[in-house]
J.: 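To start, I am sharing the structure in question, which I have written as C-alpha cells.
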Protein chains: 2
Amino acid sequence: MKYIEKLRNSGLRPTKQRLQICEVLFDTETTFHFTINDLANKIKRQLNHKISLATVYNTVHAFEKKGYLKQIPINSNQTYFDTNISDHHHFYDLKEEKLIDLENSDVGPIKILKKIGGKKIKSVEVLVKLED
Amino acid sequence: MKYIEKLRNSGLRPTKQRLQICEVLFDTETTFHFTINDLANKIKRQLNHKISLATVYNTVHAFEKKGYLKQIPINSNQTYFDTNISDHHHFYDLKEEKLIDLENSDVGPIKILKKIGGKKIKSVEVLVKLED
DNA sequence: CACTTTTTTAGAATCATTATAAAGTAGACT
DNA sequence: AGTCTACTTTATAATGATTCTAAAAAAGTG
Ligand SMILES: [Mn+2]
Ligand SMILES: [Mn+2]
Ligand SMILES: [Zn+2]
Ligand SMILES: [Zn+2]
C-alpha cells in the first residue's frame, strides 16, 4: 500500500483505519474541503462501514499536525479542512455556504509590510466572501 | 446619549443594556478584538453589574448584522469580533493566541483575478499567522 | 509467543452557542 | 396617566461540535 510508508515516516502506525481514511482523503481526482462530519459520512458511504467518530477526529488532527491537511480559517460552527495543502486561498459563498479554491495565481502577490519583532510569518491566507 | 440615535436609526430600541454595551464597545481610545466571554467580563468589570449572557449574544449579533461590529474569520473554539469595522486585516500570533491589526496600507493591494458568475465580492480578508 | 506502546472505540463530559418562554420595557395612541 | 402591542431581557434548558475517558484491540519488537 502506498500510504504505509507515508504514515511510518510520520511516526504514525499504519492502522487499518488510518489507511482507509487516507484512501478517502487522498485517492481522489481533485482535492476537496470537508468537515469532520462530512468525512465520517463519506467514509461510511465509500467503505460501507463506519469508523468511530473519535478515530476520525484523532486521525484528521494527526494528519493536520503532520501537514497532510490544512485547516481553513472561517467562521462556522464546524471546522473546515482542506486536502489541498498547496499555498492557496478561498472564496466563501455566503449563500451556498461553500468554499471554492482560489489558486495563488488567481490572487496577486501579497506584500505584508508590517513586521512584528521576533515573529516569523507562517502563512498568509485570504478569504474572499461572495454574495449575490 | 450619543448612541440613542444610532440605535433608533438601525431599528433597534435603545434599551439600557444596548446603550451600556455601546459604551463598553465604542467609548474607547482604540478599537479591540473580543470574544463574547471577554465582552461579558468587560461589562461586569466596567459597569459593576452583569448583563445576561443571552443579551450579550443577542446584542453582538444585532450589532454585527447592522455593521457596527465585524466577525473575524479564524479557527478558534470561540468566535472573535472586532470593533474596528474598517477594511483591514490581521496577524494571528499562534503562540500568544492574539490578534493584531494589519491596516490596509500594511498589506499591498489585493487583486482577485478569478470571477464567479453572478456573485459579487463582499469582503477580502487576510489572516497572517505568526510563529516564533 | 510474551510484552510494551499505540490506537480504536463507545460513551460521557465539556462548553460555546442557540432556543425557550415568561417577565419586563419601549413606543404609540388615547 | 393608562392601555395596548411589539420588542427585549432574562434565567434556564437544549443543542451540538469537540474533547476526554478508560477499557479493549491492534501494532511493533524480540
Ligand atoms: Mn471552529
Ligand atoms: Mn465559531
Ligand atoms: Zn482549498
Ligand atoms: Zn481588527
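Every value quoted in this text rests on a predicted model; they were computed, and no experiment measured them. The figures here come from the full heavy-atom set of this structure, side chains too, leaving out hydrogens, waters and symmetry mates.
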J.: Under a single-linkage definition using a 4.5 Å side-chain heavy-atom cutoff for Ile, Leu, Val, Met, Phe, Trp and Tyr, are A:L53 and A:L47 assigned to the same hydrophobic cluster?
T.: yes
J.: Taking only side-chain N and O atoms of A:K16, does any of them lie within less than 4.0 angstrom of OP1 or OP2 on C:dT6?
T.: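 No, A:K16 has no side-chain N/O under 4.0 Å of OP1/OP2 on C:dT6.
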J.: Please work out if A:T55 contacts a base, only the sugar-phosphate, or nothing of the nucleic acid, heavy-atom cut-off 4.0 Å.
T.: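 The answer is base, as A:T55 lies within the cut-off (heavy atoms under 4.0 Å) of a base atom.
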J.: Checking contacts here: which listed nucleotide (C:dA19, C:dT8, D:dA6) is nearest the side-chain heavy atoms of A:T15?
T.: C:dT8
J.: Please report the distance, rounded to the nearest Å, between CD in B:E64 and P in C:dT18.
T.: 10 Å
J.: Hey, is the side chain of A:R18 poking within less than 4.0 Å of OP1 or OP2 on D:dA27, counting only N and O atoms?
T.: no
J.: Measure the distance from CG on B:L39 to C1' on C:dT17 and round it to the nearest whole Å.
T.: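 Interatomic distance, CG of B:L39 to C1' of C:dT17: 15 Å.
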J.: So does A:S52 get a side-chain nitrogen or oxygen closer than 4.0 Å to the phosphate oxygens (OP1/OP2) of C:dT8?
T.: no
J.: Of the nucleotides C:dA16, D:dT12, C:dA26, which has the atom closest to the B:P14 side chain?
T.: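 Looking only at heavy atoms from C-beta outward on B:P14, the closest nucleotide is C:dA26.
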J.: Taking for each residue the nucleotide of DNA chain C with the nearest heavy atom, is it B:R8 or A:I51 whose nucleotide lies nearer the 5' end?
T.: A:I51
J.: Could you check B:L53 against A:Y80 and say which one's nearest nucleotide on DNA chain D is further toward the 5' end?
T.: B:L53
J.: To the nearest angstrom, how far is A:Y57 atom OH from D:dT21 atom P?
T.: 17 Å
J.: Has A:T79 got a side-chain N or O lying under 4.0 Å from the OP1 or OP2 atom of D:dT18?
T.: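 Indeed, a polar side-chain atom of A:T79 lies that close.
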J.: Quickly work out the A:R13 CZ to D:dA27 P distance and round it to whole Å.
T.: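 Rounded to the whole Å, the gap is 9 Å.
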J.: Rounded to the nearest Å, what distance is computed from the CD1 atom of residue A:I36 to the P atom of nucleotide D:dT18?
T.: 6 Å
J.: Just checking, any donor-acceptor pair under 3.5 angstrom between side chains of B:D27 and B:Y3?
T.: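 Yes, a side-chain donor-acceptor pair sits under 3.5 Å.
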J.: Using a heavy-atom cut-off of 4.0 Å across all strands, would you classify B:N37 as base, sugar-phosphate, or nothing?
T.: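 If one applies the 4.0 Å heavy-atom cut-off, B:N37 turns out to touch nothing in the nucleic acid.
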J.: Using a cut-off of strictly less than 4.0 Å, decide whether A:H61 has a side-chain nitrogen or oxygen near OP1 or OP2 of D:dT19.
T.: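 It does, given that an N or O in the side chain of A:H61 lies less than 4.0 Å from OP1 or OP2 of D:dT19.
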J.: Grab the CD-C1' distance between B:Q17 and C:dA26 for me, whole Å please.
T.: 12 Å
J.: Atom CG of B:N58 to atom C1' of C:dA21: distance rounded to whole Å?
T.: 14 Å
J.: Between C:dT17, C:dG11, C:dA19, which one does the side chain of B:Q78 approach most closely?
T.: C:dT17
J.: Distance only, no hydrogens: is a donor on one side chain within 3.5 Å (strictly under) of an acceptor on the other, for B:H33 and B:N84?
T.: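 The answer is no; no qualifying pair exists.
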J.: Quickly, which of A:L99, A:I100, A:V126 forms a side chain to side chain contact (heavy atoms under 4.5 Å, CB included) with A:F91? Name it, please.
T.: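 Going through A:L99, A:I100, A:V126 one by one, the side chain to side chain contact (heavy atoms under 4.5 Å, CB included) with A:F91 is satisfied by A:I100 alone.
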J.: A:L12 has an atom CG; how far is it from atom C1' of C:dT5, in whole Å?
T.: 14 Å
J.: Answer yes or no on whether A:K2 is positioned over the face of A:F26, meaning its NZ or CZ is under 6.0 Å from the six-membered ring centre and within 45° of the axis.
T.: no
